[in-house]
S.K.: 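Here it is, the structure in full.
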Amino acid sequence: MAKFIPRRLGNFLRLRIHGMSQDSGATLAPMSVLASNARAPLTGATRADTQDDSVPGIGHYQDFETIDWVREKSRDRQRQRWLRRQRLESAWGMLLSVLDSCTGWLILTLTGMAAGALAGFIAIASDWLSDVKEGLCISAFWHNREQCCWDSNQTTFQARHTCPLWRNWADFVIGQPEGPGSYILNYVMYVGVAVMFSGLAVMLVRSFAPYACSSGMPEIKTILGGFVIREYLGAWTLLVKAVTLVLAVSSGLSLGKEGPLVHVACCCGHVFASLFPKFRNNDAQQRQLLSAAVAAGVSVAFGAPMGGVLFSLEEVSSYFPPRTLWRAFYVALVAAFILRAINPFGDARLVLFYVSERGTWRLPELAAFVALGAFGGIWGVIFTRANIAWCRCRKNTRLGHYPVTEVVIVTLITAAVSYPNPFMRGGSAQLVSELFTDCGPLRASPLCDYLPVDNNSTNVTTTIMPAMLSSHVTPGNGISGMSAASTFTTVMAKTIPPTVPPTNEHRAGPGVYSAIGQLALALVFKMATTIITFGIKVPTGLFMPSMAVGAVAGRLLGIWVEQLSVSHPRMLPFSKWCAPGADCIAPGLYAIVGAAACLGGVTRMTVSLVVIMFELTGGLEYIVPLMAAIMTSKWVADAFGREGIYDAHIRLNSYPFLSNKDPPPLPCLAGDMMQQTPGRSNSSSLVTLVQEGLTLQDVQDIVSNSRHNGFPIVVAPESALIVGFVLKRHLNLAIENARHHQEGVGPHTTLSFSLHPPWAAGATANGNAENGAANVLKLQSIVDFSPVTVTDETSMDIVVEVFCKLGIRHTLVTHNGQLLGIITKKDILRYLAHSSCHEPPSDIFS
């Protein structure tokens with residue numbers, strides 16, 4: 001029976017991270033479980049504190065290194081104990097303790113305020129620049145189309161497509177707002193401005209902040225797992241990301257700002273945390289604040305504070321204690337409050353596509369919702385595999401050497417395809433808003449061009465007016481202000497007899513069939529452009545394009561089901577619950593469910609996505625359809641592979657992130673996977689150090705000639721009894737520190753890694769302790785004397801569980817207490833890649 005055997009058991013267990021990597025370009029810091037040694041005079045906590053004080057530099061982390069979680073926890077506990085003593089001794093100490101307790105909440109408040117303010121700025125600026133592609137407001141050029149028409153007293157509902165204060169580019173240049181020449185000129189200006197925006201964005205990213213590209217979600221997950229990527233959350237990255245996100249969204253590329261807003265919020269949290277020593281000097285505490293900042297990013301992206309908390313817990317955070325849950329709740333609340341105060345959309349809502357018209361649903365419709373879930377799962381698999389293949393092609397070919405050219409070409413194709421299609425011209429957000437909303441008395445969209453079911457109806461207004469308006473109004477061109485609503489209400493009151501109630505359940509008219517064709521083309525183009533857009537060198541979010549794909553598919557299915565119920569009212573199941581002329585089917589609900597299904601299929605989100613969607617739409621009655629579609633989407637997608645888009649990009653970029661979603665390992669033992677000690681294999685052997693007898697020159701030769709970043713310490717080469725484990729970086733730092741601060745340290749100086757060196761006992765017995773240690777460099781403070789060990793008969797599924805649950809980076813393999821080899825996190829990643837039939841990338845598994 002396979003078993004997991006820790007080497008030493010003590011009175012208490014502690015976690016401690018040590019770094020080891022076999023890649024010369026990165027230092028990975030594995031986590032170890034430390035037990036107090038009954039023979040040792042120092043506990044694990046004391047050793048951690050001692051080595052931080054005695055060897056400068058060990059408490060700080062280099063780029064691409066994993067933090068030492070236990071050392072950070074130990075240092076924080078030591079600081080808390082000092083504060084408690086000061087609190088009992090003086091009033092000043094009491095004040096320091098109170099200020100220390102308030103520091104975290106102050107950082108969260110500042111982070112939420114900054115995230116909300118930046119989200120408001122990005123929303124306002126991107127809306128304005130998006131409309132600049134089509135024209136300008138002559139009364140105030142800084143107003144977008146909707147704000148411009150709000151200020152016009154001449155705007156009516158019937159003529160809102162001809163807002164007198166808004167002029168397109170053809171009207172500006174040649175004085176003719178309509179006609180073939182005007183259409184061509186507007187087309188050219190639309191494409192040219194879009195290319196200018198995206199080109200400026202990619203040049204800013206490439207020149208000033210390379211980390212500001214893409215969504216940032218894979219990197220955020222890796223950083224929250226303990227990995228250090230310098231400057232990824234810096235102030236300069238924050239500034240460039242905010243500016244280029246506005247430009248990228250305004251260019252009309254198939255991307256969203258939701259994922260990058262999470263990166264922006266984490267940058268805000270990191271910048272403010274760096275101002276306070278409590279978090280600046282403790283990376284573990286800082287990462288708990290970053291987990292809370294993720295919730296703020298989702299809160300301002302979707303207007304979903306609770307969904308943001310659950311998203312941080314479900315999708316990105318590796319460590320999420322209860323205190324972080326409360327912090328995430330608070331910062332999401334602050335961010336949502338600030339965004340609501342700014343009111344970027346001018347409708348007292350946190351999001352652009354809040355749905356106020358709520359259609360009902362019936363039990364038989366669950367079959368359609370499940371079908372949308374299956375479509376979302378299939379789309380998630382197709383998108384993930386196609387996008388990873390495209391990104392790998394970019395990475396391994398000359399295409400990756402020309403990021404500016406790639407962005408310009410993708411923008412040119414996207415803009416050229418989008419302008420002729422009115423549903424794609426306004427961007428993903430306007431498309432989703434258009435599709436989420438059902439037809440009503442204030443809607444004048446081609447999607448609402450219905451004919452009455454009763455051909456003998458005398459209600460001419462409800463028949464002709466939507467068709468008349470749909471021939472002039474395109475999605476996103478209209479306004480939703482009070483002036484238009486009041487004007488339309490007055491017209492309808494004068495023309496509709498009170499005895500003839502209007503009905504919304506109509507047969508599809510010419511406008512609906514035209515819209516269906518346009519939506520079908522939009523679905524194909526949106527799929528293709530999203531695949532090639534995600535991953536280019538500008539800020540690229542994935543949430544909104546995925547929702548747009550699902551919304552289009554859902555709306556098309558909803559229209560089909562609606563027309564089926566109108567054409568065959570006596571067919572089951574419509575005859576049971578759909579009366580003639582009643583509003584039986586709500587196509588907008590199908591769009592909402594389809595959007596959630598496709599987003600779930602791409603990201604594999606479940607609980608958090610349901611909460612985000614019902615916060616987004618404001619409809620609690622939609623929870624059951626959303627749950628059914630999202631679970632179906634996840635089941636279908638998981639049938640082809642459990643890897644979502646973010647995990648796939650983590651693997652593509654070779655980030656050292658061990659996910660608990662990895663497939664079950666193949667049956668095998670630890671002894672089959674380990675890197676063996678010298679003399680046991682012809683393959684690359686594990687290098688060991690002996691506890692006594694090595695000179696400084698010997699150790700330097702071993703370190704310089706070894707590709708390993710850590711070394712097990714044994715009693716003697718012939719016995720291989722384990723003493724501990726030491727990191728290559730810590731060893732170099734200790735030797736360099738000794739050369740600068742101790743006299744007599746030279747190539748022939750003897751190194752001692754043992755807690756009880758033999759010369760100490762002999763010298764004490766002879767009364768010559770100083771002479772016995774005169775030429776010995778003691779390095780006990782940098783040694784981990786209680787590394788995690790497993791036997792060679794331990795099953796690999798248990799070893800994988802140990803790595804996932806404890807977060808360790810390496811474990812030693814023993815047989816009857818003798819060292820046989822070591823298993824590192826890279827060995828686990830290679831093993832899991834082989835288990836899931838993935839070809840391991842050469843740069844991480846070589």
Side-chain angles (χ1 to χ4, degrees), residues 60-65 67 103-126 200-224 226-249 257-301 312 316 327 331-332 334-335 338-339 342 537-541:
H60 302 280
Y61 303 101
Q62 296 178 333
D63 208 5
F64 306 113
E65 186 179 33
I67 69 171
T103 300
W105 297 104
L106 175 60
I107 295 173
L108 293 174
T109 303
L110 295 174
T111 300
M113 295 176 64
L118 286 173
F121 158 75
I122 291 171
I124 294 173
S126 60
L200 180 58
V202 68
M203 286 188 290
L204 288 174
V205 168
R206 186 182 184 187
S207 302
F208 299 103
Y211 285 147
C213 67
S214 193
S215 71
M217 291 300 300
E219 289 77 12
I220 294 297
K221 289 186 67 171
T222 307
I223 290 173
L224 292 181
F227 199 59
V228 177
I229 306 179
R230 297 295 181 193
E231 303 302 327
Y232 197 84
L233 301 177
W236 196 242
T237 301
L238 170 63
L239 176 62
V240 175
K241 185 96 175 187
V243 174
T244 55
L245 179 57
V246 172
L247 295 172
V249 173
K257 59 179 181 290
E258 290 71 27
L261 279 176
V262 175
H263 187 190
V264 168
C266 287
C267 288
C268 294
H270 175 77
V271 169
F272 289 121
S274 300
L275 301 177
F276 299 88
K278 173 183 177 181
F279 295 95
R280 181 175 64 244
N281 299 329
N282 195 303
D283 288 84
Q285 292 293 323
Q286 188 176 124
R287 272 157 177 76
Q288 294 186 35
L289 292 182
L290 295 180
S291 293
V294 170
V298 177
S299 176
V300 296
S312 179
V316 297
R327 287 175 169 177
V331 72
V334 173
I338 296 299
L339 185 63
I342 296 175
K537 298 305 180 181
V538 294
T540 54

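Please read all numbers here as calculations on a predicted model, not as lab measurements.
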S.K.: Measuring from atom CG of Leu289 to atom CD1 of Ile107, what distance do you get when rounded to the nearest 0.5 angstrom?
M.R.: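 Output value for this atom pair is 5.5 Å.
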
S.K.: With heavy-atom distances below 4.5 Å as the criterion, would you say the side chains of Thr540 and Ser214 are in contact?
M.R.: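 Thr540 vs Ser214: side chains touch.
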
S.K.: Minimum heavy-atom separation for Gln286 to Arg280, with atom names?
M.R.: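 Smallest heavy-atom distance, with atoms named: NE2-CA, 4.1 Å.
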
S.K.: Leu247 and Val202: side-chain contact (heavy atoms from CB on, under 4.5 Å), yes or no, with the steps?
M.R.: CA-CA 9 Å; Leu247 295 172; Val202 68; over 6 Å; no

S.K.: Which atom names give the shortest non-hydrogen contact between Val246 and Ser126, and what distance separates them?
M.R.: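 Minimum heavy-atom separation between Val246 and Ser126: CG1-N, 3.8 Å.
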
S.K.: Assess whether side-chain contact (heavy atoms from CB on, under 4.5 Å) is satisfied between Val294 and Leu224, documenting all intermediate values.
M.R.: CA-CA 10 Å; Val294 170; Leu224 292 181; 4.2 Å; yes

S.K.: Taking C-beta and beyond as the side chain, do Leu233 and Leu290 meet within less than 4.5 Å on heavy atoms?
M.R.: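 Yes; the side chains approach each other to less than 4.5 Å.
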
S.K.: Step by step, work out the side-chain contact (heavy atoms from CB on, under 4.5 Å) result for Ile124 and Ile342.
M.R.: CA-CA 10 Å; Ile124 294 173; Ile342 296 175; 4.2 Å; yes

S.K.: Looking only at heavy atoms, what is the nearest atom pair of Gly116 and Leu339, with distance?
M.R.: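 In terms of heavy atoms, the two residues are closest at O-CD1, 3.9 Å.
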
S.K.: Give a yes or no answer on whether the side chain of Gln285 reaches the backbone of Phe279 with a donor-acceptor pair at less than 3.5 Å.
M.R.: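 No; zero donor-acceptor contacts below 3.5 Å.
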
S.K.: Going from CH2 on Trp105 to CZ on Arg327, what distance comes out if it is rounded to the nearest 0.5 angstrom?
M.R.: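 Nearest 0.5 Å value for the CH2-CZ distance: 7.0 Å.
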
S.K.: Please find the pair of heavy atoms, one from Ala115 and one from Cys268, that lie closest to each other, and give the distance.
M.R.: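 Reported closest heavy-atom pair: N-SG, 4.3 Å.
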
S.K.: What closest approach, in Å, do Ala295 and Ala332 show between heavy atoms, and which atom pair accounts for it?
M.R.: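 For Ala295 and Ala332, the tightest heavy-atom pair comes out as O-CB, 4.0 Å.
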
S.K.: Testing Leu238, Leu118, Thr111 for side chain to side chain contact (heavy atoms under 4.5 Å, CB included) with Cys267, which one passes?
M.R.: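 Result: among Leu238, Leu118, Thr111, Leu238 is the only option passing the side chain to side chain contact (heavy atoms under 4.5 Å, CB included) with Cys267.
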
S.K.: Listed by chain and number, what are the salt bridge (charged side-chain N to carboxylate O under 4.0 Å, His left out) partners of Arg287, not counting sequence neighbours?
M.R.: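 Residues passing salt bridge (charged side-chain N to carboxylate O under 4.0 Å, His left out) with Arg287: Asp283.
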
S.K.: Output the distance between atom CZ (Phe121) and atom CG (Leu245), rounded to the nearest 0.5 Å.
M.R.: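 If I round to the nearest 0.5 Å, the distance is 9.5 Å.
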
S.K.: Kindly say whether Met203 contributes a backbone atom to a donor-acceptor pair with the side chain of Ser207 at under 3.5 angstrom?
M.R.: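 Looks like yes, one N/O pair under 3.5 Å.
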
S.K.: Check Leu108 against Ala292 and note the closest heavy-atom contact, atom names and distance.
M.R.: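 Distance-wise, the nearest heavy atoms are CD2-CB, 4.0 Å.
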
S.K.: Show every side-chain hydrogen bond (donor to acceptor under 3.5 Å, both in side chains) that has at least one partner inside residues 232-248, sequence neighbours left out.
M.R.: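 side-chain hydrogen bond (donor to acceptor under 3.5 Å, both in side chains) check on residues 232-248 returns Glu219-Tyr232, Lys241-His263.
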
S.K.: Do side-chain atoms of Ser312 reach the backbone of Ser291 as a donor and acceptor pair under 3.5 angstrom?
M.R.: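 Pair found, side chain donor or acceptor close to backbone of Ser291.
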
S.K.: With sequence neighbours left out, what residues match Phe272 under ring pair (Phe, Tyr, Trp, His ring centres under 6.0 Å)?
M.R.: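 Applying ring pair (Phe, Tyr, Trp, His ring centres under 6.0 Å) to Phe272 gives none.
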
